[in-house]
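Worksheet for the structure shown next.
Small disclaimer: the values here were computed from a predicted structure and weren't measured. Only this structure's heavy atoms are used, side chains among them; waters, hydrogens and symmetry mates stay out.
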Amino acid sequence: MKKKLLLAAIIFSSVSGAFATVHIIKVSNYQFTPATTNAVIGDTIVWIWKNGNHTTTSTTIPTGANPWDMLINTTHRRYGIRVTVAGTYNYKCTPHASFGMLGSINVSAPLAAGLYDFNVIASANNAFISWKTKQDNDISYYSLQRSFDNNNFSEIARIQPNSVSQSYSYTDKIENIQNKYVYYMLEMVDKNKNKELSDIKMFTQEGASTKLITSLSPNPINSPGHLMMQFNADAEGSMVVKLYDSKGQVIKQTEMTAVKGLNNGHFHLGTLTPGTYYLECKLGAITEKHTVIFR
């Protein structure tokens, strides 16, 4: 009898685990990619080292969840946790948190609706979003949300369930938006106000500007200086960044790992003589030059 119960437990564990998802977070030049991850109870989160000396360290987590604090570097290249409690898990890289190296994991319990086939595709220069559910008898509404940085999301449409079909779609008219990369997620809310979040999908506007650098902050810079950079990348690679003085001499250089989409980087500039400097950024076939001022 005990053997039968043990066998049944093993089979149940294997079946339930088969539907769990593994979410990969890449750790590189002062960024977790993606910075925001949506998961459901039972999923696994894995941090994978790309470069640098970092940690993944929990800060605020749901009651009942286990905290963590692990190195992510050349000798500790990956670390994983299984999320078993619903709520928001915030974490940081301990030595680089002040440079914005932060992340969050939103964990929800799966709803009975059974969301699947959440997709975003191009349609006449706009984003066509579609999804399906197995049933939506207990759904109160669907909240479609959009972000330009894969971190801060806002609702763009609230859609009521229909009684005819469990297939839904929405066209987001973004042809006049300049951002090359746009991120979407779906929040399902049932009649008891329970929520489930979809995976986050990235949409690329093929006709958008090919601008490489989207943000340099701060500028002007106080010495000693730390320059935070946001940049676009069409594929994984490395961006070479060189700092020139007014005489055209390279005085500092760094390389930043890039993943497809919007990236965050940090250039430690140290102490420099006040004045005007020039930043050259090269990624693939794109090279841009920007002026930075030290005070």
Side-chain angles (χ1 to χ4, degrees), residues 25-36 49-57 59 72-73 90-104 147-152 177-183 208-295:
I25 300 173
K26 297 177 182 179
V27 184
S28 61
N29 50 259
Y30 308 97
Q31 68 176 340
F32 295 107
T33 306
T36 301
W49 176 84
K50 299 294 288 185
N51 63 29
N53 291 294
H54 306 287
T55 75
T56 172
T57 304
T59 53
I72 302 292
N73 55 27
N90 293 308
Y91 63 94
K92 65 180 181 180
C93 170
T94 299
H96 303 125
S98 60
F99 303 132
M101 194 168 179
L102 307 170
S104 63
S147 171
F148 297 117
D149 62 2
N150 197 19
N151 190 21
N152 299 294
I177 293 175
Q178 299 303 309
N179 300 68
K180 184 165 188 178
Y181 300 103
V182 186
Y183 301 85
S209 169
T210 57
K211 181 168 64 173
L212 178 59
I213 304 299
T214 62
S215 174
L216 296 174
S217 178
N219 190 18
I221 307 167
N222 292 319
S223 191
H226 297 272
L227 183 64
M228 306 306 297
M229 307 177 65
Q230 280 194 332
F231 60 97
N232 288 326
D234 291 331
E236 289 197 7
S238 295
M239 182 173 74
V240 177
V241 184
K242 297 179 181 179
L243 185 70
Y244 293 83
D245 63 16
S246 58
K247 298 179 181 179
Q249 296 179 329
V250 178
I251 56 175
K252 288 185 181 292
Q253 179 173 331
T254 190
E255 191 170 316
M256 299 180 182
T257 298
V259 297
K260 184 174 182 179
L262 183 65
N263 290 259
N264 293 293
H266 164 251
F267 196 176
H268 178 55
L269 298 175
T271 301
L272 294 174
T273 303
T276 300
Y277 295 80
Y278 303 93
L279 203 66
E280 181 185 80
C281 306
K282 180 177 176 57
L283 178 59
I286 302 175
T287 300
E288 287 184 4
K289 294 183 179 180
H290 297 267
T291 300
V292 292
I293 299 173
F294 265 81
R295 293 190 293 203

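Judged as a side-chain hydrogen bond (donor to acceptor under 3.5 Å, both in side chains), and not counting sequence neighbours, Asn232 has no contacts. Partners of Thr287 under the side-chain hydrogen bond (donor to acceptor under 3.5 Å, both in side chains) rule, at least two apart in sequence or in another chain, do not exist in this structure. The side-chain hydrogen bond (donor to acceptor under 3.5 Å, both in side chains) search around Gln230 returns Asn264, not counting sequence neighbours. Every side-chain hydrogen bond (donor to acceptor under 3.5 Å, both in side chains) that Glu255 has, sequence neighbours left out, goes to Ser238. By the ring pair (Phe, Tyr, Trp, His ring centres under 6.0 Å) test, Tyr277 pairs with Phe294, sequence neighbours left out.
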Q.
For a side chain to side chain contact (heavy atoms under 4.5 Å, CB included) check, start with the C-alpha distance between Gln178 and Thr214, then their side-chain angles and the critical distance, and finish with the verdict.
A. CA-CA 11 Å; Gln178 299 303 309; Thr214 62; over 6 Å; no
- Item | Evaluation steps, side chain to side chain contact (heavy atoms under 4.5 Å, CB included), between Val27 and Phe32 | CA-CA 5 Å; Val27 184; Phe32 295 107; 3.9 Å; yes
Output, in order, the C-alpha distance, side-chain angles, deciding distance and verdict of side chain to side chain contact (heavy atoms under 4.5 Å, CB included) for Leu272 and Leu243.
CA-CA 11 Å; Leu272 294 174; Leu243 185 70; 3.6 Å; yes
Exercise for review: Take Glu288 and Lys211 through the test side chain to side chain contact (heavy atoms under 4.5 Å, CB included) and record every step on the way to the result.
Suggested key: CA-CA 8 Å; Glu288 287 184 4; Lys211 181 168 64 173; 3.7 Å; yes
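Looking at Ile25 and Tyr91, their side chains come closer than 4.5 Å, going by heavy atoms from C-beta outward. For the pair Leu279/Leu227, a side-chain contact is recorded, criterion being any heavy-atom separation below 4.5 Å from C-beta on. With a 4.5 Å cut-off on side-chain heavy atoms, His290 and Leu212 do not count as touching.
Across all their heavy atoms, Tyr181 and Leu262 have their closest contact at CD1-N, 4.0 Å. Cys281 and Met229 get closest at one heavy-atom pair: SG-CE, 3.7 Å. Listed here is the closest heavy atom pair of Asn150 and Ala35: ND2-N, 4.4 Å. Taking all atoms of both residues into account, the shortest heavy-atom contact from His54 to His96 is ND1-ND1, 3.0 Å. The two residues Asn179 and Phe148 have their closest heavy-atom pair at ND2-CB, 3.5 Å. Heavy-atom minimum distance, Tyr244 versus Glu280: OH-OE1, 3.4 Å.
Ring orientation note: the planes of Phe99 and Tyr30 are nearly perpendicular, at an angle over 60° on the 30°/60° scale.
The backbone N or O of Trp49 lies less than 3.5 Å from no partner atom in the side chain of Asn51, so there is not a single donor-acceptor pair. Although no hydrogens or angles enter the test, the distance criterion places a donor-acceptor pair under 3.5 Å between the side chain of Asn219 and the main chain of Thr291. In terms of modelled atom types and a separation under 3.5 Å, the side chain of Asn53 and the main chain of Asn73 share no donor-acceptor contact.
A distance of 9.5 Å separates CD of Glu236 from CG of Asn263, quoted to the nearest 0.5 Å. Summarising the geometry, atom NZ belonging to Lys252 is positioned 6.5 Å from atom NE2 belonging to His268; distances are rounded to the nearest 0.5 Å. Residue Thr59 holds its OG1 atom at 4.5 Å from CG of Asn90, rounded to the nearest 0.5 Å. With rounding to the nearest 0.5 Å, the separation of CE in Met101 from SG in Cys93 is 4.5 Å.
A donor atom on one side chain and an acceptor atom on the other are found under 3.5 Å apart for Thr57 and Thr55. Inspection of the Asn151 and Thr36 side chains reveals an N or O donor paired with an N or O acceptor under 3.5 Å.
Residue pairs meeting the salt bridge (charged side-chain N to carboxylate O under 4.0 Å, His left out) criterion with at least one member in residues 212-235, sequence neighbours excluded: Lys180-Asp234.
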